Amino acid sequence: MTNHDVLCVYAAMSELTSQMVAAANASDWEHLQELEQRMNAHVAVLKVNEGMVRLEGEERARKATLIKQMLDDDRKVRDLITPWMAQLSRLINSTGTERRLVNAYGGV
């Protein structure tokens with residue numbers, strides 16, 4: 001893997017996180033999951049190959065810029081997901097409570 005290849009992977013990951021923000025904004029959770037899986041594939045490639053290259057100067061600065069963009073997008077996705085996760089948790093807890101009441105007092 002060359003320096004250019006590494007930067008291309010980081011650029012692709014940055015594009016994916018941008019798409020993840022759009023998917024989260026649209027509450028398109030299936031697409032968000034698909035994008036996350038694609039992101040994980042890129043991370044796996046970097047884990048295996050990135051150690052073989054050394055970025056310096058502008059390349060290193062470009063990598064830092066891409067990482068900052070990904071972290072910013074990740075924060076946006078988390079901000080969008082957190083309320084949905086809380087709502088889902090409440091729904092699951094409500095269903096569990098309902099089931100326990102039915103088990104304790106019988107169905108109506």
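Position 1 is the first residue of the sequence; numbering continues from there. Quick caveat: nothing in here was measured; it's all calculated off a predicted structure.
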**OP:** Ignoring hydrogens and angles, tell me if any N or O in the side chain of Thr82 forms a donor-acceptor pair with the backbone of Arg78 under 3.5 Å.
**Re:** yes
Original post:
Which residues pass the side-chain hydrogen bond (donor to acceptor under 3.5 Å, both in side chains) test with Glu59, sequence neighbours left out?
Top reply: Asn3
Original post:
Is Asn49 reaching over with its side chain to a backbone N or O of Val45, donor-acceptor style, under 3.5 angstrom?
Top reply: yes
**OP:** List in chain and number order the residues that pass salt bridge (charged side-chain N to carboxylate O under 4.0 Å, His left out) with Arg60, two or more places apart in sequence or in another chain; answer none if no residue qualifies.
**Re:** none
Original post:
Do Leu66 and Met39 belong to the same hydrophobic cluster, where Ile, Leu, Val, Met, Phe, Trp and Tyr are linked whenever their side-chain heavy atoms lie under 4.5 Å apart, directly or via other members?
Top reply: yes
Original post:
Counting only N and O atoms by type, is there a donor-acceptor contact under 3.5 Å from the side chain of Asp79 to the main-chain atoms of Lys76?
Top reply: no
Subject >> Check: Ser14 side chain, Tyr10 main-chain N or O, donor-acceptor pair, under 3.5 Å >> reply: no
Subject >> Minimal non-hydrogen separation, Ser18 against Asp73, with atom names >> reply: N-OD2, 3.3 Å
Subject >> Hydrophobic cluster membership, Val77 vs Met85, 4.5 Å side-chain cutoff >> reply: yes
Original post:
Below 4.5 Å, heavy atoms only, C-beta onward: do Leu91 and Gln87 meet side chain to side chain?
Top reply: no
Original post:
Any link between Val48 and Met13 through a network of hydrophobic side chains (Ile, Leu, Val, Met, Phe, Trp, Tyr) touching at under 4.5 Å?
Top reply: no
Original post:
To the nearest 0.5 Å, what is the distance between CG (Asp72) and CD (Gln69)?
Top reply: 5.5 Å
**OP:** Kindly indicate whether the side chain of Val43, heavy atoms from C-beta on, has any atom under 4.5 Å from the side chain of Leu46.
**Re:** no
Original post:
Do the side chains of Val9 and Met1 get nearer than 4.5 Å, heavy atoms only?
Top reply: yes
Original post:
Under 3.5 Å, is there a donor-acceptor pair between the side chain of Thr65 and the main chain of Ala61?
Top reply: yes
**OP:** Might you point out which heavy atoms bring Val21 and Leu80 nearest each other, and give the distance in Å?
**Re:** O-CD1, 4.0 Å
**OP:** Report yes if the side chains of Asp74 and Thr17 come closer than 4.5 Å at any heavy-atom pair, otherwise no.
**Re:** no
Subject >> Min side-chain heavy-atom separation Glu50-Lys63 under 4.5 Å >> reply: yes
Original post:
Does a salt bridge link Glu36 with Arg38, judged by any charged N lying under 4.0 Å from a carboxylate O?
Top reply: no
**OP:** Taking the side chain as every heavy atom from C-beta outward, state whether Leu16 and His42 have any pair of such atoms under 4.5 Å apart.
**Re:** yes
Original post:
With a 4.5 Å limit on heavy-atom distance, are the side chains of Lys68 and Leu71 in contact?
Top reply: no
Subject >> Asp28 side, atom CG; Gln33 side, atom CD - distance, nearest 0.5 Å >> reply: 11.0 Å
